[in-house]
Every structure is written in structure tokens, then in C-alpha cells.
Amino acid sequence: MSARVAPAPAYGVFPVRRVQGRWRWGAAELTDLSRLAEPFPEQGPDPKLLEELVAQCPEEEDFGEAEKFDDAIEAWDERWDALMFKPDHTVGAIVVSH
């Protein structure tokens with residue numbers, strides 16, 4: 001028997017709502033609407049760069065202090081986002097959920 005887990009309030013599919021008489025998609029700021037008509041790229045991030053970045057991901061047990069780990073993972077996350085969500089890699093894509 002599998003348990004069904006309900007998503008937390010901040011998770012799930014982004015809503016579409018009526019705002020000032022027009023339909024508004026809740027994640028529009030996460031997508032470059034001007035590039036939706038362009039085809040989605042055939043290839044994403046460079047596999048070698050992605051592999052190198054994954055290998056450099058900080059591990060909490062390697063840090064004596066939680067604050068130092070938090071700083072390291074935050075810096076790594078910025079590098080991850082820059083590689084994974086580069087506009088040329090996400091053209092034609094829409095964000096539908098978290």
C-alpha cells in the first residue's frame with residue numbers, strides 16, 4: 001500500500017487567474033514569454049560542465065560549521081542555476097510547477 005502525500009501550500013502547479021479582466025499565469029516571471037514561439041533546444045547544458053559541477057557540490061559533513069556549509073551551498077546553487085537555467089537552454093519552455 002502506498003501512502004499519498006499532499007504537497008505543501010507553496011508547491012504544485014502554478015495557477016492561471018483572472019486579473020483585471022485578463023488571464024494571468026502565476027509563473028510568467030519565470031519564463032521568457034517573448035521566446036515561447038522559438039523551438040526548445042535539442043541539447044541542454046554541456047554534459048562535461050554539468051558533471052564537473054555535480055562533482056563539486058558541497059557536502060555538509062565536510063564543513064565544521066553550518067554557516068560555512070550554507071555559504072558554500074548557496075554559492076554552488078548560484079553556479080547550478082546559471083548553468084541549468086541559462087536562457088538559451090530554456091527557450092520555448094514554460095515553468096508549470098516548483
Side-chain angles (χ1 to χ4, degrees):
M1 176 178 182
S2 65
R4 185 170 179 194
V5 178
Y11 293 95
V13 176
F14 288 111
V16 176
R17 297 186 176 109
R18 294 284 288 180
V19 177
Q20 298 177 345
R22 299 184 70 191
W23 288 105
R24 175 83 175 143
W25 172 46
E29 70 278 358
L30 300 174
T31 297
D32 185 351
L33 298 176
S34 69
R35 297 186 75 183
L36 282 179
E38 296 179 38
F40 193 73
E42 291 183 25
Q43 183 176 351
D46 180 311
K48 184 177 179 184
L49 292 176
L50 183 58
E51 184 179 333
E52 289 172 3
L53 185 58
V54 168
Q56 295 168 8
C57 183
E59 298 289 337
E60 191 169 5
E61 58 269 5
D62 294 338
F63 293 83
E65 300 174 29
E67 189 174 295
K68 288 184 179 181
F69 171 72
D70 290 345
D71 291 343
I73 199 71
E74 186 175 321
W76 185 87
D77 279 341
E78 288 177 14
R79 293 173 53 213
W80 174 267
D81 287 350
L83 178 63
M84 295 301 292
F85 302 111
K86 183 177 177 182
D88 287 343
H89 295 161
T90 59
V91 66
I94 58 171
V95 177
V96 295
S97 75
H98 291 263

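Computed from a prediction, not measured in an experiment: that's the story for all the values here.
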Establish whether Val54 and Phe85 are linked, either directly or via other cluster members, by ILVMFWY side-chain heavy-atom contacts under 4.5 Å. yes
Not counting sequence neighbours, which residues clear side chain to side chain contact (heavy atoms under 4.5 Å, CB included) with Gln20? List them please. none
Residue pair His89 / Met84: nearest heavy atoms and the distance that separates them: CB-O, 4.1 Å
Hey, is CZ on Arg18 packed in by over 12 heavy atoms from elsewhere, all under 6.0 Å? yes
Donor-acceptor contacts under 3.5 Å from residues 38-49 side chains, at least two apart:
unit_1	atom_1	unit_2	atom_2	d
Glu38	OE1	Arg35	NE	3.4
Glu38	OE1	Arg35	NH2	3.1
Glu38	OE2	Arg35	NE	3.1
Asp46	OD1	Lys48	N	2.7
Asp46	OD1	Leu49	N	3.2

Return a table of donor-acceptor pairs under 3.5 angstrom between the side chains of residues 65-78 and protein atoms on other chains or two or more places apart.
unit_1	atom_1	unit_2	atom_2	d
Trp76	NE1	Leu53	O	2.8

Non-neighbouring partners of Gln56 that pass side chain to side chain donor-acceptor pair (under 3.5 Å), sequence neighbours left out: Arg79
Should side-chain heavy atoms under 4.5 Å link Ile, Leu, Val, Met, Phe, Trp and Tyr, which residues sit in the same cluster as Val91? none
